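One structure is given here, and the rest of the page talks about it.
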Amino acid sequence: MASMEDTLQALNDLISQFLCLNRPLWSSSDDADAFLEAVDELTSTIHSLESMSADHILLESFDHLLERCSLRLGEELQHLIDASGFDTNCSYPNTRKSHDDDDDRHTLVAQPVSNFDIIVDALPEGVIFEANRIAKRMVAAGFGDSCAETYASSRLNFIDESIARLGVHAHMAEMFKSASWEELEIQIMCWIPAIRVVFHILIPSERHLCDSIFEGFTSYSDVAFVTACHPFLQLLSFGNFIAAAGKNPECLFRIVDMYDAVRDILPVLDDAFNPEVAALRECLGLSIKAILMALENLVRRDPSESCPLDGGVHPMTRYVMNYLVTACVSRHTLEEVMLLEFGSSDPSGNCPIEPDRPTSSLAIHLAWIVDVLTGNLVSKSKVYSHAPLSCVFLVNNGIYIIKKVNGCELKVLLGEDWIKVIHSKVNQWILEYRRATWGKAIMILEMDKRFCSNVNVITEKLSRFNNFVEAICQVQSRWVLVDKQQGVDFSILVEELVIPAYRDMAEMLKATGSAGESYMRLEDGDQPKVTVTRWLHCQAVAVERMSATRIFAPVCKPAPRSLPGCGDWFVDSYEVVAES
């Protein structure tokens, strides 16, 4: 036992020489080698004493000396890493400087990169080699946890600077908790490319570095890696914050972008961070679902008191349809969110993502939103006191919906059957307009056979008819149609209804042989021909082509005097008079 005491004293004297130095031991390779040899001998001696169940007090003395050695090794490890710290002149492949006009300060912000197959050599190979030598001694001495913590602490400045160079901050959620959505959008646009670089480049680089320094010690490599990467994981809290803050429909598209960014890192995600990333993905997905439900509720609860006076497209119709058109750009992501059962053992999901079919979850949901919109429009149409205007309002909005659907991927999602249904509704509203307006005109022209030869009755009916048309002109000339072709279709429908009845009345007047020619226009061999263009187009109204955001107004010309009581203007054509 005396020999062991002598060994302890000799090792203590030798090691104390190194521990008393006020300079880094690794500033001299000879000192570093000699110190490590002394630590190896001390560790070997302690293991021998433990196997022999040696004197407890003597073993404590050896352990105390080994603890002092481990503390110094930890200091040397930290100094090695700090001395090889962040080079202020280096930059990542996806960063650029953003200069301030007032001073020389700058920030580096993330830029898109196409090649993520990059490993950042954060430490020189020589430093990694020496750090590995230190880690082996500390683990052998039973101070592996302390070594891992020291490593992580030493890497903190580098990792914080790496995050800053990407134009983001580990504590973004706290920094912007009171920001407006417009300000948050700017931060999201920085966060998305930054998170891709972090998980595709920086975290794999840190894993590679940890595995190199703690080679052969997987458990301590994992501890060092997870601890060092904690600031990277704090970036995920910003995603959770946005998912909770983005409740309005306008927030959908940025949250979808964030969801896509998180999904893109799954193939390269380190197993150590699976729970955190899966939780963020679930949070963003649930937020997307909630926003789509919020849109539906917004449409359903929109007040019915507000409607365009001219029967044009309602602002809500424009908003919802343009919103859905934009949402279709992200239809694969939205369909994935609809199908994904969050919290399952397979977060990636096994269901094929096929949104471009009427039976997809997304298509069904979007069709339901449009159906809710249509129902709300029907309710709004009842605000109008004039039944024909209600019909024009529904036709305008229905045609706008059809045009929007046919002009984008919504046509594929909703399907031909759905489009046929909405077409059928529009046609029904057109027929209701025709009956509500021109059915009354037909009633005026209806003639009792007993008075077929009574000139006074015939002329009185023609006069009433012309006055009725004039009244229609005065009222409906203030209404609009969203489609010029629809104006033509309206005219054809009315012609088919009115002309036969008017022609019969004209024939009766002609048969009396009286001087009633002033009530009609005779052309082509004295065959009566109604000047439908005059009185019909007077009511056809200004045309608004919404898809081109142009307002069309009628070009008016003096009307030929052939129908008594008709106004002095009729619509001949359309021209652009204003830009909206």
Side-chain angles (χ1 to χ4, degrees), residues 247-253 288-328 331 334 338 358 360-411 413-415 417-433 435-436 478-483 486 541 544-547 549 580:
K247 300 181 183 298
N248 296 324
E250 292 81 3
C251 304
L252 174 71
F253 307 106
I288 290 171
K289 284 186 175 182
I291 288 174
L292 291 176
M293 289 299 299
L295 175 64
E296 177 187 328
N297 292 330
L298 178 68
V299 175
R300 191 188 307 277
R301 293 197 291 260
D302 188 68
S304 299
E305 289 75 15
S306 168
C307 284
L309 297 177
D310 55 8
V313 177
H314 196 280
M316 181 185 67
T317 307
R318 298 174 189 268
Y319 175 86
V320 172
M321 295 311 301
N322 287 325
Y323 188 97
L324 296 183
V325 168
T326 306
C328 278
R331 61 191 182 280
L334 295 176
M338 292 292 177
S360 70
S361 298
L362 176 63
I364 293 172
H365 191 81
L366 296 187
W368 175 247
I369 291 176
V370 181
D371 289 343
V372 171
L373 170 63
T374 304
N376 187 286
L377 292 170
V378 172
S379 297
K380 290 182 184 299
S381 69
K382 298 176 182 177
V383 172
Y384 295 107
S385 59
H386 203 47
L389 181 55
S390 298
C391 298
V392 169
F393 170 76
L394 290 172
V395 170
N396 281 332
N397 284 269
I399 292 174
Y400 185 83
I401 291 172
I402 291 172
K403 281 192 168 185
K404 283 294 182 180
V405 169
N406 286 334
C408 69
E409 295 83 358
L410 276 173
K411 182 177 182 180
L413 266 69
L414 300 183
D417 291 340
W418 186 92
I419 295 175
K420 288 179 181 178
V421 170
I422 193 69
H423 265 297
S424 176
K425 290 181 179 180
V426 171
N427 291 335
Q428 178 185 348
W429 295 327
I430 292 174
L431 292 176
E432 289 177 1
Y433 162 80
R435 285 195 298 267
R478 297 189 293 270
W479 301 353
V480 297
L481 292 174
V482 299
D483 183 59
Q486 197 60 44
V541 305
E544 186 178 3
R545 184 176 297 168
M546 300 301 179
S547 60
T549 65
S580 62

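Note that the coordinates shown come from a computational prediction; the quantities given were computed from them, not determined experimentally.
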So do [Y] and [X] actually touch side chain to side chain, heavy atoms under 4.5 Å?
| X | Y | result |
| --- | --- | --- |
| Ile402 | Val405 | no |
| Asn406 | Lys411 | yes |
| Ser390 | Lys382 | no |
| Lys289 | Leu292 | no |
| His365 | Leu334 | no |

Decide yes or no on side chain to side chain contact (heavy atoms under 4.5 Å, CB included) for Leu252 and Thr326, but give the supporting numbers first.
CA-CA 10 Å; Leu252 174 71; Thr326 306; over 6 Å; no

Might you point out which heavy atoms bring Arg478 and Asp310 nearest each other, and give the distance in Å?
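Looking at all heavy atoms of both residues, the closest pair is O-CB, 3.3 Å.
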
For the student: nearest non-hydrogen atoms of Pro249 and Tyr319, plus distance
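Scanning both residues completely, I find the closest heavy atoms to be CB-OH, 3.5 Å.
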
Nearest 0.5 angstrom please: [X] [atom1] to [Y] [atom2], how far?
| X | Y | atom1 | atom2 | value |
| --- | --- | --- | --- | --- |
| Arg331 | Met338 | CZ | CE | 14.5 Å |
| Ile364 | Ile369 | CD1 | CD1 | 12.5 Å |
| Asp371 | Leu414 | CG | CG | 8.5 Å |
| Met321 | Cys408 | CE | SG | 7.0 Å |
| Cys328 | Leu362 | SG | CG | 6.5 Å |
| His423 | Ile399 | NE2 | CD1 | 9.0 Å |

Those residues at least two apart in sequence (or on a different chain) that pass salt bridge (Lys or Arg N to Asp or Glu O under 4.0 Å) with Glu432 are none

So, the side chain of [X] versus the backbone of [Y]: is there a donor-acceptor pair under 3.5 Å, distance only?
| X | Y | result |
| --- | --- | --- |
| Thr374 | Val370 | yes |
| Asn248 | Glu250 | no |
| Asn376 | Val372 | no |

When you look at Asp302 and Lys380, which way does the side chain to side chain contact (heavy atoms under 4.5 Å, CB included) test go after all the steps?
CA-CA 9 Å; Asp302 188 68; Lys380 290 182 184 299; 2.6 Å; yes

Between Val378 and Trp429, is the side chain to side chain contact (heavy atoms under 4.5 Å, CB included) condition met? List the steps.
CA-CA 10 Å; Val378 172; Trp429 295 327; 4.1 Å; yes

Check against side chain to side chain contact (heavy atoms under 4.5 Å, CB included), Val383 and Phe393
CA-CA 11 Å; Val383 172; Phe393 170 76; over 6 Å; no

Pick one: which of Val320, Leu377, Leu410 meets side-chain contact (heavy atoms from CB on, under 4.5 Å) with Ile401?
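The single option meeting the side-chain contact (heavy atoms from CB on, under 4.5 Å) with Ile401 is Leu377.
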
Hydrogens and angles aside, do Trp479 and Asn396 bring a side-chain donor and acceptor to less than 3.5 Å of each other?
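Short answer, no.
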
Apply side chain to side chain donor-acceptor pair (under 3.5 Å) to Arg300 and list each qualifying residue two or more places apart in sequence or on a separate chain.
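Side chain to side chain donor-acceptor pair (under 3.5 Å) check on Arg300 returns Glu296.
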
Ring-plane angle category for Phe253 and Tyr323, please: parallel below 30°, perpendicular beyond 60°, tilted otherwise.
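Plane angle between 30° and 60°, so tilted.
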
